[in-house]
Amino acid sequence: MNLPRARLLMGLGRLRTCLAGMAVTVLLAGPALAQGGAAAREWRTPPSGDVLRGQALYEARCTACHAVDGNKLGPAHRGVMGRRVGSLQGYRYSDELAQSRLRWTPQTLNTWLQDPEDLVAGQRMGFQVDDAQERADLIAWLATLK
């Protein structure tokens with residue numbers, strides 16, 4: 001066998017091995033790739049919250065950017081529970097948030113308040129609530145705003 005042909009056959013063998021390895025990787029990672037390459041998120045229901053503490057926290061920490069009934073730097077919060085994320089008419093959301101296809105539930109709000117950027121990369125809220133009970137209290141208050 002001549003040398004160029006032998007090298008070609010060796011190269012094809014390596015290519016075949018590489019392609020087989022890629023196929024196995026795609027098969028094993030398929031579910032994650034179908035979800036945008038990320039592992040499945042674990043949604044956590046917050047503990048029971050105290051509405052009055054939540055109202056006080058909202059007034060102390062949220063009203064610089066939000067209001068119950070009017071848009072400010074952030075969108076209005078009345079009716080937030082159950083609303084599709086990024087859908088309030090009259091407020092301009094980031095494209096990422098408007099296209100998220102999420103709905104505000106106690107679980108999504110808990111994740112959002114803990115780390116908005118982790119929930120929707122590219123969003124614009126630069127504030128988070130580290131304490132789980134404070135998040136639960138805020139969520140309890142937001143749930144009353146029907």
Check: Arg44/Asn110 side-chain N/O donor and acceptor closer than 3.5 Å: no
Shared hydrophobic cluster, Trp43 / Leu109 (ILVMFWY, side-chain heavy atoms < 4.5 Å): yes
Gap between atom SG of Cys62 and atom NE2 of His77 - 0.5 Å precision: 7.0 Å
Spacing of Leu113 atom CG and Arg135 atom CZ [to the nearest 0.5 Å]: 7.5 Å
Check against salt bridge (Lys or Arg N to Asp or Glu O under 4.0 Å), Arg124 and Asp95: CA-CA 10 Å; Arg124 295 187 300 242; Asp95 291 341; over 6 Å; no
Arg92, CZ atom: more than 12 neighbouring heavy atoms under 6.0 Å: no
Shared hydrophobic cluster for Val68 and Leu52 (ILVMFWY, side-chain gaps under 4.5 Å): no
Check: Gln114/Gln128 side-chain N/O donor and acceptor closer than 3.5 Å: no
Donor-acceptor contact present, side-chain Gln123 to main-chain Ser94, <3.5 Å: no
Those residues that, when tested against Arg103, pass salt bridge (Lys or Arg N to Asp or Glu O under 4.0 Å) (two or more places apart): none
Distance-only check: which donor-acceptor pairs under 3.5 Å involve side-chain atoms of residues 137-145, not counting sequence neighbours?
{"from": "Asp137", "atom 1": "OD1", "to": "Asp50", "atom 2": "N", "distance (Å)": "2.8"}
{"from": "Asp137", "atom 1": "OD1", "to": "Gln133", "atom 2": "NE2", "distance (Å)": "2.9"}
{"from": "Asp137", "atom 1": "OD2", "to": "Arg53", "atom 2": "NE", "distance (Å)": "3.1"}
{"from": "Thr144", "atom 1": "OG1", "to": "Trp141", "atom 2": "O", "distance (Å)": "2.6"}

Which atom of Trp104 lies closest to which atom of Leu119, heavy atoms considered: CZ3-CD2, 4.3 Å
Spacing of Met125 atom CE and Tyr93 atom OH [to the nearest 0.5 Å]: 12.0 Å
Which residues share a salt bridge (Lys or Arg N to Asp or Glu O under 4.0 Å) with Glu59, sequence neighbours left out: none
Contact summary for Pro106 and Pro46, nearest pair of heavy atoms: O-CD, 3.6 Å
Atom pair NE2 (His66) and CG (Asn71), whose distance is rounded to the nearest 0.5 Å: 10.0 Å
Check: residues 84-91 side-chain donor-acceptor pairs under 3.5 Å, at least two apart:
{"from": "Arg84", "atom 1": "NH1", "to": "Ala98", "atom 2": "O", "distance (Å)": "3.3"}
{"from": "Ser87", "atom 1": "OG", "to": "Arg84", "atom 2": "O", "distance (Å)": "2.6"}
{"from": "Tyr91", "atom 1": "OH", "to": "Leu73", "atom 2": "O", "distance (Å)": "2.5"}

For Glu134, all residues meeting side chain to side chain contact (heavy atoms under 4.5 Å, CB included), sequence neighbours excluded: Leu57, Arg61, Val129, Asp131
Salt bridge (Lys or Arg N to Asp or Glu O under 4.0 Å) involving Asp69 - partner list, sequence neighbours excluded: Arg78
Contact summary for Ala136 and Ser48, nearest pair of heavy atoms: CB-O, 4.1 Å
Residue pair Thr108 / Thr111, side-chain donor-acceptor N/O under 3.5 Å: no
